[in-house]
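Below: the structure, in C-alpha cells.
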Amino acid sequence: MSREKEEAMAAIQHETTIAEAADRLSRELPGHRVEILQGRLTVTPPADGAHAESLTWLIEECFAAGARQAGLKYLQAIGVWLTSGPNDFAIPDLALVESDYRDAHVERNCFAPHVFRLVVEITSSNWSDDLGTKVDSYAQAGIPVYLIADRRHDEVVLYTDPRSGEYRSRKPFKRGMSVLLPESIGITLELSVDRLLDGDED
C-alpha cells in the first residue's frame with residue numbers, strides 16, 4: 001500500500017470509528033477489498049487475471065458437483081462476520097454457504113459464520129493475512145473448512161476441524177496433486193492444485 005493511502009487511512013481512523021472508516025474506504029476505493037481483521041483495517045487492491053480465472057474455475061466446479069441441488073450457494077466476495085473482535089469481518093474470495101444464508105445477515109453485507117461450509121482464499125498482495133490472521137479468525141469463528149491457494153509459496157493448504165479457536169488439521173498439497181475436500185461441505189469436490197494456483201488453463 002502506498003504511503004499516501006496509509007496516511008489517508010490513519011487520518012480516517014483518527015476521526016471516525018474503525019467501522020465507519022471501513023465503510024468510507026469501501027466507497028472511496030472501488031474495486032478494493034476492505035476488511036477488519038482482529039481490530040485492524042486492511043485494504044487489498046484488485047487481484048490479477050490468474051486469480052480471477054481460478055475463481056471462475058472454482059465456481060464451475062461447484063456447479064458441476066451439484067452444489068445448488070445440495071441446497072448450497074457458491075458466492076464471491078460475500079462477507080463473513082467474525083468473532084475475533086466487535087467489528088471484525090472478512091470477505092473471502094469464494095464461499096460455499098447454506099442456501100438460506102440471507103436469514104443470517106448481521107450487518108455491512110456480512111453474514112453469521114454458521115451458514116458457511118467452506119471459505120477459499122487465493123493469495124495476492126495480502127498473502128500474510130490469508131496465511132496468518134485469517135487462519136486464526138476463521139478458526140475462531142468455527143468456519144469448518146478453509147482452503148488457501150498460496151501462490152506466494154506455490155502450494156495449496158487445507159484447514160479443517162476448528163476446535164477451541166484453532167484448526168486441528170492442516171494439510172499442504174504440492175503441484176501435481178489434487179485436494180479432496182471433506183464431505184462435510186455437502187458436495188464431493190476434488191480440485192487440482194495446479195489450477196487453483198495458476199487459473200484456468202483452457
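None of these values were measured; they are calculated from a predicted model.
Side-chain contact between Arg170 and Leu158 is absent, with no heavy-atom pair separated by less than 4.5 Å. Asp194 is not listed as a side-chain neighbour of Leu196, based on a closest heavy-atom distance of 4.5 Å or more. No side-chain heavy atom of Val120 sits less than 4.5 Å from a side-chain heavy atom of Pro92. Side-chain contact between Gln38 and Ser137: present, with at least one pair of heavy atoms (C-beta onward) separated by less than 4.5 Å. Looking at heavy atoms from C-beta onward, Arg151 lies in side-chain contact with His51 at the 4.5 angstrom threshold.
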Hey, mind stepping through Asp88 and Trp81 against side chain to side chain contact (heavy atoms under 4.5 Å, CB included) and telling me if it holds?
CA-CA 6 Å; Asp88 285 6; Trp81 197 254; over 6 Å; no

Please evaluate residues Leu147 and Leu181 with respect to the criterion side chain to side chain contact (heavy atoms under 4.5 Å, CB included), reporting the C-alpha separation (whole Å), side-chain torsions for both, the decisive distance (0.1 Å), and the verdict.
CA-CA 9 Å; Leu147 183 69; Leu181 298 184; 4.3 Å; yes

Does the pair Glu166 and Asp136 meet the rule for a side chain to side chain contact (heavy atoms under 4.5 Å, CB included), with working shown?
CA-CA 6 Å; Glu166 63 182 26; Asp136 296 336; over 6 Å; no

Only distances under 3.5 Å count here; give the side-chain donor-acceptor pairs of residues 171-180 to other protein atoms, sequence neighbours excluded, each with its distance to 0.1 Å.
{"unit_1": "Lys174", "atom_1": "NZ", "unit_2": "Glu155", "atom_2": "OE1", "d": "2.8"}
{"unit_1": "Arg175", "atom_1": "NE", "unit_2": "Asp154", "atom_2": "OD1", "d": "3.0"}
{"unit_1": "Arg175", "atom_1": "NE", "unit_2": "Asp154", "atom_2": "OD2", "d": "2.9"}
{"unit_1": "Arg175", "atom_1": "NH1", "unit_2": "Asp198", "atom_2": "OD2", "d": "2.9"}
{"unit_1": "Arg175", "atom_1": "NH2", "unit_2": "Asp154", "atom_2": "OD1", "d": "2.9"}
{"unit_1": "Arg175", "atom_1": "NH2", "unit_2": "Asp198", "atom_2": "OD1", "d": "2.8"}
{"unit_1": "Ser178", "atom_1": "OG", "unit_2": "Glu190", "atom_2": "OE2", "d": "2.8"}

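A salt bridge between Glu28 and Arg24 is present, with a side-chain N of the basic residue lying under 4.0 Å from a carboxylate O of the acidic one. A salt bridge links Arg163 with Asp161: the closest approach of a Lys/Arg side-chain nitrogen to an acidic carboxylate oxygen falls below 4.0 angstrom. Using a 4.0 Å cut-off between charged nitrogen and carboxylate oxygen, Glu121 and Arg33 count as a salt-bridge pair.
A donor-acceptor contact shorter than 3.5 Å is absent between the side chain of Asn87 and the backbone of Ala19.
The 12-atom threshold is not exceeded at CZ of Arg102, counting heavy atoms of other residues, nucleotides or ligands nearer than 6.0 Å. By the neighbour-count criterion of 12 heavy atoms within 6.0 Å, atom CG of Asn109 is sparsely surrounded, having that number or fewer from other residues, nucleotides or ligands.
Between the OG atom of Ser84 and the CZ atom of Arg40 there is a distance of 10.5 Å, given to the nearest 0.5 Å. Distance check, rounded to the nearest 0.5 Å: OG1 of Thr133 to CD of Glu35 gives 10.0 Å. Between the CZ atom in Arg108 and the CG atom in Asp23 there is a gap of 5.0 Å [rounded to 0.5 Å]. Between the CD atom in Glu98 and the NZ atom in Lys73 there is a gap of 12.0 Å [rounded to 0.5 Å]. The CG atom of Leu58 lies 5.5 Å from the CD1 atom of Ile122; values are rounded to the nearest 0.5 Å. In this structure, NE2 on His32 lies 11.5 Å from OG1 on Thr42, to the nearest 0.5 angstrom.
Taking both residues in full, the closest heavy atoms of Leu96 and Ala67 are given as CD1-CB, 4.2 Å, listed atom of the first, atom of the second, then distance. When all heavy atoms of Glu53 and Gly199 are compared, the pair lying nearest together is CB-CA, 3.8 Å. In plain terms, the two heavy atoms of Ser124 and Asp130 that are nearest each other are N-OD2, 4.4 Å. In terms of heavy-atom proximity, Ala22 sits nearest to Ile36 at CB-CD1, 4.0 Å. In plain terms, the two heavy atoms of Val34 and Phe89 that are nearest each other are O-CE1, 3.2 Å. The two residues Pro144 and Pro162 make their nearest non-hydrogen contact at O-CD, 3.7 Å.
In the hydrophobic clustering, where aliphatic and aromatic side chains (Ile, Leu, Val, Met, Phe, Trp, Tyr) are joined below 4.5 Å either directly or transitively, Val135 groups with Leu37, Leu75, Ile78, Val80, Leu82, Val97, Tyr101, Phe111, Val115, Phe116, Val119, Trp127, Leu131, Tyr138, Ile143, Tyr146, Ile148, Val157, Tyr159, Tyr167.
Donor-acceptor pairing under 3.5 Å is recorded for the side chains of His153 and Asp150.
For Arg117 and Tyr74, the positive end is not near the middle of the six-membered ring at less than 6.0 Å and at most 45° from its axis.
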